[in-house]
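Down below is the structure, laid out as structure tokens.
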Amino acid sequence: MPIEDAQINSAVLPYARAIPVGATATAFASVINSGNATATDCSIALPGGIPATFSYQTTNAANVLIGTPNTPVDIAPGATQGFVFGITPSQAMAATEIPIVFDCANTAPAESNPGLNTFILSASASAPPDLLAIGATPSGDGVVRLPSRDGTGFFATAAVNIGSIGSMTVGADDGGRGLPLSLRVCETNARGDWLVCGNQLTRSVGAGQTLYYTVLATGTGQPIAFDPANNRLFLRFRSNETTVGATNVAVTVP
């Protein structure tokens with residue numbers, strides 16, 4: 001008979017928030033039980049050393065709150081449980097990539113992968129720009145697939161500023177992986193018309209304003225393995241050198 005075992009994986013969206021000290025940054029999380037046994041007493045927590053309070057609660061498939069706040073839950077084999085979590089910083093924080101802890105009583109903690117289930121948070125004395133960003137790929141599955149080793153692929157991003165007005169720079173990177181790619185960022189309008197392109201773009205953003213960008217990735221002759229947990233492309237929004245929004249997708253080259 002097969003050994004019964006629970007195993008969890010997780011994801012977080014959005015990837016980054018920027019808020020005033022004392023405000024609460026919220027995000028959604030999903031925990032998947034890929035094992036063949038029920039994962040019991042599953043919870044979410046902050047790692048040590050983050051100057052903030054933390055709370056979480058389960059949601060249904062429509063992301064509506066259900067259950068009891070800060071209460072662990074069981075996750076059936078093959079099931080996905082949604083959560084909302086909130087982080088309230090007690091002091092100013094530079095942009096910090098927080099490895100949110102997803103754990104159950106009978107599993108190892110979910111592996112932490114930047115961009116997949118980490119959360120970038122910054123907090124300042126006054127309200128900064130706060131870009132909620134989401135990326136989309138032509139395949140619809142969050143993976144940019146270059147057609148050849150010297151071909152070009154892309155992903156599109158929409159970002160709405162739910163914070164204050166401010167100036168920012170927008171740039172793309174591979175998270176320090178050194179992937180054999182050349183990256184370029186183009187701002188577009190809502191129809192997808194290109195407005196301006198460059199390695200890094202600078203602009204002001206208004207409160208409530210939605211911005212649109214396309215990231216172009218061109219191969220330099222080398223393959224990139226299909227490894228969505230590690231081989232990823234990031235679009236980051238920075239204000240006063242602090243990350244105030246970000247999104248990311250996976251990338252592969254044949």
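Keep in mind that the numbers below use all heavy atoms, side chains included, and drop hydrogens, waters and symmetry copies.
- Checked against Leu181 for a side-chain contact (heavy atoms from CB on, under 4.5 Å), the options Leu233, Thr220, Asn231 give a single hit: Leu233.
- Looking at Thr169 and Thr202, their side chains never bring a donor and an acceptor atom within 3.5 Å of each other.
- Aromatic ring centres of Phe119 and Phe85 lie closer together than 6.0 Å.
- Inter-residue side-chain proximity for Asp193 and Thr188 is flagged as unmet; no heavy-atom pair is nearer than 4.5 Å.
- Considering only heavy atoms from C-beta on, Val251 comes within 4.5 Å of Leu146 through its side chain.
- Of the inter-residue distances, the one linking Ile120 atom CD1 with Asn248 atom CG reads 8.5 Å to the nearest 0.5 angstrom.
- In this structure, Thr38 and Pro77 have side chains that are in contact, with non-hydrogen atoms separated by less than 4.5 Å.
- Residues Tyr15 and Phe237 do not share a hydrophobic cluster, defined by chaining ILVMFWY side chains whose heavy atoms lie under 4.5 Å apart.
- Taking 4.5 Å as the limit, some side-chain heavy atom of Ser239 sits within range of a side-chain heavy atom of Pro129.
- Heavy atoms from other residues, nucleotides or ligands lying under 6.0 Å from CZ of Phe154 number 12 at most.
- Within 6.0 Å of CD in Glu111 there are 12 or fewer heavy atoms belonging to other residues, nucleotides or ligands.
- No side-chain heavy atom of Val170 sits under 4.5 Å from any side-chain heavy atom of Glu187.
- In this structure, Thr214 and Leu216 have side chains that are in contact, with non-hydrogen atoms separated by less than 4.5 Å.
- Of all heavy-atom pairs between Ala6 and Asn106, the closest is CB-ND2, 4.0 Å.
- Separation of atoms CD1 (Ile8) and CG (Asp103) is listed at 6.0 Å; rounding is to 0.5 Å.
- For the pair Ile87 and Ile98, the minimum side-chain heavy-atom distance is below 4.5 Å.
- In plain terms, the two heavy atoms of Gly22 and Thr88 that are nearest each other are O-CG2, 3.4 Å.
- Formation of a donor-acceptor pair under 3.5 Å by the Thr58 side chain with backbone atoms of Ile66 is found in this model.
- Checking Asn240 against Thr242 by side-chain atom types alone, no donor-acceptor pair falls below 3.5 Å.
- Asp74 contributes atom CG, which lies 6.5 Å from atom SG of Cys42 (distance to the nearest 0.5 angstrom).
- The minimum heavy-atom distance between Pro254 and Pro147, with the atom names listed, is CG-O, 4.0 Å.
- With Asp41 contributing its side chain and Ala105 its backbone, the two residues share no donor-acceptor pair below 3.5 Å.
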